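Contents: one structure, followed by commentary.
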Amino acid sequence: MSRPNKSASQTAQAEGELTQALGRLFALTEAYPELKADESFRQLQVELATLEWVTWWNERRLHGAVGDIPPAEYEAIYYRQHPQSKEVA
């Protein structure tokens, strides 16, 4: 499965929008304590936090083995330099 080509600015904008939306969602829990106590909502919070961490790990962290750039950026550079290579699904 290949990822859609997105520029760094589009990715940063999308991540910013997601961060803002999550902030608003978590702020809602402060206003509604019964929501915060709900097991399903707590599980959703865990899932969202995990998703955020995985996104950081795969897309934004600086990886020393590939020249201190994010893995997603390295992958994009690789496939630009090797157009005959196929991404593995």
Side-chain angles (χ1 to χ4, degrees):
M1 167 160 110
S2 65
R3 272 190 265 163
N5 292 332
K6 291 190 286 185
S7 70
S9 64
Q10 288 172 318
T11 300
Q13 180 181 356
E15 288 176 4
E17 290 171 2
L18 177 60
T19 299
Q20 288 176 355
L22 288 175
R24 288 190 301 271
L25 177 65
F26 293 143
L28 248 159
T29 64
E30 299 304 318
Y32 297 97
E34 65 277 2
L35 181 61
K36 192 174 187 177
D38 182 68
E39 182 61 35
S40 297
F41 188 76
R42 286 201 314 255
Q43 183 62 35
L44 174 63
Q45 287 179 305
V46 169
E47 295 288 334
L48 289 172
T50 302
L51 175 63
E52 188 173 24
W53 185 87
V54 168
T55 301
W56 170 82
W57 179 262
N58 289 331
E59 310 249 344
R60 296 189 313 263
R61 72 183 164 99
L62 300 181
H63 195 298
V66 294
D68 290 323
I69 61 174
E73 184 178 333
Y74 179 80
E75 181 181 18
I77 292 168
Y78 176 86
Y79 286 112
R80 277 195 305 272
Q81 292 174 347
H82 301 90
Q84 72 281 4
S85 298
K86 301 271 188 220
E87 288 188 52
V88 176

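Keep in mind that this is a model prediction, so the values were computed, not measured.
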Gap between atom CZ of F41 and atom OH of Y32 - 0.5 Å precision: 12.0 Å
Exam field: side chain H82 to backbone Q84, donor-acceptor pair closer than 3.5 Å: no
Residue list, side chain to side chain donor-acceptor pair (under 3.5 Å) with Q20, at least two apart or on another chain: none
pair P70-R61: side-chain heavy atoms closer than 4.5 Å: no
Residues L25, L48; criterion side-chain contact (heavy atoms from CB on, under 4.5 Å); working and verdict: CA-CA 11 Å; L25 177 65; L48 289 172; 3.7 Å; yes
ILVMFWY network linking V66 to L62, side-chain heavy atoms under 4.5 angstrom: no
Polar side chain donor-acceptor pair, Q43 to E47, under 3.5 angstrom: yes
Residues clustering with V54 (ILVMFWY side chains joined when closer than 4.5 Å, directly or via others): W53, W56, W57
I77: partners by side chain to side chain contact (heavy atoms under 4.5 Å, CB included), with sequence neighbours left out: I69, E73, R80, Q81
Side chain to side chain contact (heavy atoms under 4.5 Å, CB included) against T55, all qualifying residues, sequence neighbours excluded: E15, L51, E59, R60
